[in-house]
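The structure under discussion appears below in the form of structure tokens.
Note that this is a predicted model, so its numbers are computed, not measured.
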Amino acid sequence: MTAAIKKIGWPRMIISVFLLALFISCPFAGVNYQFAITDVIGRFGMNLVLILSLVPMIQAGCGLNFGVPLGIVSGAFGAVCSIELNATGLFGIFTAMVIACAFAFVIGFLYGFILNRIKGDEMIISTYCSFAFVGFMCMAWVRLLPFKNAILIYGYGGNGMRPQVPLSENWAQILDKFLHFKIGPIIEVPVGMLLFGALCCFCMWLFFRSKLGTAMTAAGSNPEYARAAGVNVDKMRLVSVVMSTTIAAIGMIVYYQHYTFVQLYMTPMNLMLPTVAAVLIGGAALRKATIPNVIIGTFLYQGITTVGPMVAGSAFADIADALRLVISNGMILYALTRKEHR
């Protein structure tokens, strides 16, 4: 028992017990636990691939990817391009992913080039890169991009694109509905989205057992030894950044299809800290992250920040929104200040 707790880690054990207590308290707080389970499953699936995108950069020694909004915006760009082309169904989401990956590859290459120039300050510079790129894309959404589809732009002669673009006529929940089933009258299991997330995790697992993945890990864990062994450390770092940005773009397509809206302008910045916090809560360190860290962290973070506000908000309905902010930001603060990651 003690060995199992030591392997899991006391922080994750305490958070798991707290999450279980929240589920148990749902009936007493007037919260339908079946609805809570459905919400947690959905949020877990929609965030899994996005959080998985942090693994390559951590393994390559680039630290926590506070530049993940670059991938998020790339996903948004691919999504709106597919809407502009009136692509629907599986073809629509495939089109969005292809365009998003192509855009993310270019942005990721430039981003990786910058990070290779400032080794040691990656997390600070990546944060500034995020703000700068998201700000530039805000101007692009308003003035620079020549989209014409009425779903995307403001009507009545207005300029710019809508902050939220609906996917209901294109590929909303296209992955969720694949092999979808219900448990009882309320609990829904989006099998397709979960299978896609599992496939991405499996591919990542295979990659880090390949020659390239092993070289990337060596470059991150011991750069001097890796150089002595003939590994091009800068190249491995660049590949990891491109991978991270591209996977984040795919993750946002998965996120959007479940959420049924594409969110533009400054919204990508809202996902930066929760994404980093989730992988840290799962047990990742600054130079090491595994697939279990991603899965555990995603479930625990999304579970606490979903069920916690439901239970607290039921008891304190007049300050429910404030409690949601306190709980979610408290989880982020906890994750970013844990001593074991310093």
Side-chain angles (χ1 to χ4, degrees), residues 4 8-9 11-52 167 172-202 251-261 270-271 274-275 277-283 291-317 320-321 323-332 334-335:
I8 296 172
R12 282 165 292 288
M13 181 63 70
I14 293 171
I15 293 174
S16 299
V17 172
F18 180 56
L19 179 58
L20 179 61
L22 285 175
F23 275 114
I24 294 174
S25 64
C26 281
F28 304 100
V31 176
N32 190 316
Y33 76 92
Q34 294 186 2
F35 177 78
I37 292 173
T38 297
D39 206 7
V40 171
I41 293 174
R43 289 176 180 271
F44 168 79
M46 69 191 286
N47 285 279
L48 180 61
V49 180
L50 179 62
I51 295 168
L52 181 69
L167 288 169
Q173 298 189 333
I174 190 70
L175 294 177
D176 294 26
K177 294 174 183 177
F178 179 72
L179 299 178
H180 167 274
F181 68 90
K182 298 182 71 172
I183 301 174
I186 297 178
I187 299 177
E188 298 186 24
V189 183
V191 178
M193 180 171 65
L194 296 177
L195 285 176
F196 185 84
L199 176 62
C200 291
C201 289
F202 179 68
M252 279 315 295
I253 301 295
V254 177
Y255 184 102
Y256 290 143
Q257 67 84 35
H258 178 81
Y259 188 67
T260 73
F261 285 91
N270 297 335
L271 296 173
T275 302
V279 75
L280 290 178
I281 288 171
I291 306 303
N293 295 153
V294 172
I295 295 172
I296 293 170
T298 303
F299 181 77
L300 292 179
Y301 182 84
Q302 295 301 324
I304 295 293
T305 56
T306 299
V307 184
M310 287 183 181
V311 174
S314 178
F316 306 98
D321 290 339
L323 285 171
R324 181 180 297 275
L325 288 174
V326 169
I327 292 171
S328 59
N329 287 297
M331 291 288 288
I332 293 169
Y334 162 76

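- Taking each heavy atom of Cys201 and Leu48 in turn, the nearest pair found is SG-CD2, 4.1 Å.
- When side chains are defined from C-beta on, Leu271 counts as touching Tyr255, because their heavy atoms get closer than 4.5 Å.
- By the side-chain contact (heavy atoms from CB on, under 4.5 Å) test, Phe261 is found to be paired with Gln164, Pro166, Tyr259, residues two or more places apart in sequence or in another chain being considered.
- Between Met46 atom CE and Ile41 atom CD1 the span is 14.0 Å, to the nearest 0.5 Å.
- Interatomic distance, Leu195 CG to Cys200 SG, rounded to the nearest 0.5 Å: 11.0 Å.
- When the side-chain contact (heavy atoms from CB on, under 4.5 Å) test is applied to Cys26, the partners found at least two apart in sequence or on another chain are Val31, Tyr33, Ala36, Val307, Val311.
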In a table with atom names and distances, give each donor-acceptor pair under 3.5 Å that connects a side chain of residues 176-191 to protein atoms at least two apart or in another chain.
| residue | atom | partner | partner atom | Å |
| --- | --- | --- | --- | --- |
| Asp176 | OD1 | Gln257 | NE2 | 2.6 |
| Asp176 | OD2 | His258 | ND1 | 2.4 |
| His180 | NE2 | Glu188 | OE1 | 3.2 |
| Lys182 | NZ | Pro185 | O | 3.0 |

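- Evaluation of the side-chain contact (heavy atoms from CB on, under 4.5 Å) rule for Phe299 yields Leu19, Val40, Phe44 as partners, not counting sequence neighbours.
- Considering all non-hydrogen atoms of both residues, Tyr256 and Leu167 come closest at O-CD1, 3.5 Å.
- Here Ile51 contributes atom CD1 and Leu280 contributes atom CG; the two are 10.5 Å apart, rounded to the nearest 0.5 Å.
- Each of Thr275, Asn293, Val294 was checked for a side-chain contact (heavy atoms from CB on, under 4.5 Å) with Leu52, and the lone residue meeting it is Val294.
- Residue pairs meeting the salt bridge (charged side-chain N to carboxylate O under 4.0 Å, His left out) criterion with at least one partner in residues 22-40, sequence neighbours excluded, are Asp39-Arg43.
- One finds the OG1 atom of Thr305 at 10.5 Å from the CG atom of Leu300 (value rounded to the nearest 0.5 Å).
- Atom CD1 of Ile253 sits about 13.5 Å away from atom CD1 of Ile174, to the nearest 0.5 Å.
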